[in-house]
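In what follows, a structure is listed as structure tokens, so that the remarks can point back to it.
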Amino acid sequence: RSTLTTNVSMIARCWSRLKRGLLYLFIFQFVYIILLRWVDPPITITQLVNWATGDGLRRDYVRADQVSPYLRLAVIASEDQLFPAHYGFDWKRIQEAMAYNKRKPTKLRGGSTISQQTAKNVFLWQGRSWIRKGLEVYFTFMIEIVWGKKRILEVYLNVIEMGKGVFGAEAAAQFYFNKSARNLSRRESALIAACLPNPVRYKVKSGSRYVQSRASVIQRQMMNLQSDPVIRKLIENR
């Protein structure tokens with residue numbers, strides 16, 4: 001009986017410490033999310049892995065108004081045309097991606113929105129586990145509430161991988177075109193956006209037929225979207 005009482009007491013103490021630890025963790029991540037509403041995120045897990053594995057790390061965080069409106073428009077046209085309208089998730093696109101992946105399990109297609117990609121790249125790691133996906137849903141929901149669309153787009157353009165070891169708009173503009181991100185042209189922006197589905201495989205300046213063709217499609221989509229007042233509000237410096 002004494003041993004049983006001791007074991008129960010130990011379990012109770014462990015459970016109490018676990019609950020306290022989880023509470024502290026929740027408070028920390030909540031404060032961190034709020035802080036990143038105004039402060040640039042430090043190094044991300046993806047960036048750290050790239051650096052540790054020898055792929056290098058080029059990055060230079062800049063404000064939204066230091067990025068060409070063309071690039072802001074290009075990533076919306078390429079990655080998430082419903083970005084201004086949804087609340088973090090494009091359920092139709094997710095369902096289409098799931099159906100496609102079921103048909104072709106060797107050629108997986110993503111259905112992530114810009115908000116989901118931002119949450120994954122800032123707070124989490126790469127991968128397709130259910131745990132990571134569950135956390136991605138939580139962080140996506142939180143940044144939609146706390147940050148808002150303009151801040152999400154700004155952070156996305158600073159942390160997303162745009163080439164092997166190249167992260168963010170400024171680093172990509174300097175690496176590929178030897179200019180500031182604010183001076184990127186419509187075509188240059190479309191070329192960068194064309195490689196985002198797989199920036200390690202697809203090269204911005206490779207001259208490949210796929211990248212050139214995709215960039216042209218993105219440019220046409222940009223023309224279709226640029227007159228939308230909600231999108232103009234997101235991409236213009238106001």
Side-chain angles (χ1 to χ4, degrees), residues 40-81 83 109-110 112-122 126 150-226 231-232 234-237:
D40 291 330
I43 191 168
T44 67
I45 295 175
T46 303
Q47 292 171 354
L48 185 60
V49 169
N50 268 260
W51 174 80
T53 55
D55 288 339
L57 176 56
R58 297 180 180 89
R59 68 169 191 169
D60 188 7
Y61 291 163
V62 292
R63 299 189 312 272
D65 60 6
Q66 294 176 302
V67 177
S68 168
Y70 291 135
L71 184 57
R72 282 177 266 172
L73 180 59
V75 297
I76 293 174
S78 170
E79 296 295 292
D80 186 4
Q81 294 188 17
F83 175 66
R109 175 187 294 176
S112 296
T113 62
I114 285 176
S115 301
Q116 287 176 270
Q117 292 180 53
T118 305
K120 176 184 69 177
N121 279 279
V122 172
Q126 303 298 318
K150 274 209 165 186
R151 178 57 177 167
I152 290 172
L153 185 60
E154 179 179 20
V155 174
Y156 172 85
L157 286 168
N158 276 302
V159 301
I160 196 72
E161 188 172 13
M162 294 183 168
K164 191 174 182 179
V166 180
F167 292 88
E170 183 65 21
Q174 295 291 348
F175 182 70
Y176 296 119
F177 302 108
N178 296 313
K179 61 170 64 174
S180 169
R182 71 164 74 238
N183 296 321
L184 287 169
S185 68
R186 181 184 292 269
R187 182 64 182 180
E188 290 165 345
S189 298
L191 284 168
I192 291 174
C195 297
L196 290 181
N198 193 333
V200 175
R201 177 182 177 186
Y202 303 124
K203 310 299 181 185
V204 172
K205 300 189 75 174
S206 66
S208 76
R209 184 175 299 177
Y210 170 82
V211 172
Q212 295 295 326
S213 174
R214 181 169 165 78
S216 296
V217 171
I218 291 171
Q219 282 187 267
R220 289 196 292 272
Q221 293 298 323
M222 291 166 68
M223 291 291 293
N224 295 334
L225 294 172
Q226 65 184 11
I231 289 181
R232 291 190 67 85
L234 274 175
I235 66 174
E236 291 180 347
N237 298 327

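Given the structure is predicted, the values throughout are model-derived calculations rather than measurements.
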Side chain to side chain contact (heavy atoms under 4.5 Å, CB included) assessment of Lys179 paired with Glu188: CA-CA 11 Å; Lys179 61 170 64 174; Glu188 290 165 345; 3.1 Å; yes

Side chain to side chain contact (heavy atoms under 4.5 Å, CB included) assessment of Leu196 paired with Gln117: CA-CA 11 Å; Leu196 290 181; Gln117 292 180 53; 6.0 Å; no

Side chain to side chain contact (heavy atoms under 4.5 Å, CB included) between Phe83 and Thr113, intermediate numbers included: CA-CA 7 Å; Phe83 175 66; Thr113 62; 5.8 Å; no

Evaluation steps, side chain to side chain contact (heavy atoms under 4.5 Å, CB included), between Phe175 and Met162: CA-CA 10 Å; Phe175 182 70; Met162 294 183 168; over 6 Å; no

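The distance from atom OG of Ser180 to atom CD of Gln66, rounded to the nearest 0.5 Å, is 7.0 Å. Between atom CG of residue Asn224 and atom CD1 of residue Ile231 there is a gap of 10.0 Å, rounded to the nearest 0.5 Å. Here CG of Leu225 is found 6.0 Å from CG of Leu73. Values are rounded to the nearest 0.5 Å. Rounded to the nearest 0.5 Å, atoms CD1 (Ile76) and CE (Met222) are 10.0 Å apart. Taking CD1 from Ile43 and CG from Leu48, the interatomic distance works out to 4.5 Å, rounded to the nearest 0.5 Å. The line from CD of Glu236 to NZ of Lys150 is 8.5 Å long, rounded to the nearest 0.5 Å.
Looking at every heavy atom in both residues, Leu234 comes nearest to Leu153 through O-CD2, 4.3 Å. Residue Val122 comes nearest to Pro41 through the heavy atom pair CG1-CB, 4.1 Å, listed as atom of the first residue, atom of the second, then distance. Ile218 and Ala193 make their closest contact through CD1-C, 3.9 Å (heavy atoms, listed as atom of the first residue, atom of the second, distance). In plain terms, the two heavy atoms of Ala194 and Ala215 that are nearest each other are CB-N, 3.8 Å. Considering all non-hydrogen atoms of both residues, Asp60 and Glu170 come closest at O-CB, 3.3 Å. Closest of all the heavy-atom pairs between Phe177 and Leu184 is CD1-CD2, 3.7 Å.
Looking only at distances, a side-chain donor or acceptor of Gln81 sits under 3.5 Å from a matching main-chain atom of Ala77. No donor-acceptor distance shorter than 3.5 angstrom exists from the side chain of Ser213 to the backbone of Arg209, with no hydrogens or angles considered. Of the possible donor and acceptor atoms, none in the side chain of Asn183 sits under 3.5 Å from a partner among the backbone N and O of Ser68. Listed for the Asp40 side chain is no donor-acceptor partner under 3.5 Å among the backbone atoms of Tyr61.
Residues passing the side chain to side chain donor-acceptor pair (under 3.5 Å) test with Arg186, sequence neighbours excluded: Gln226. Applying the salt bridge (charged side-chain N to carboxylate O under 4.0 Å, His left out) criterion to Asp55, with sequence neighbours excluded, gives Lys164.
A 4.5 Å side-chain heavy-atom check between Leu191 and Val211 finds at least one atom pair inside the cut-off. By the 4.5 Å heavy-atom criterion applied to side chains, Ser216 and Arg187 are counted as neighbours. Under the 4.5 Å side-chain criterion, counting only non-hydrogen atoms from C-beta, Arg182 is not in contact with Val62. By the 4.5 Å heavy-atom criterion applied to side chains, Tyr202 and Arg214 are not counted as neighbours. Between Thr44 and Asn121 the shortest side-chain heavy-atom distance does not fall below 4.5 Å.
There is a side-chain donor-acceptor pair under 3.5 Å between Thr46 and Gln126.
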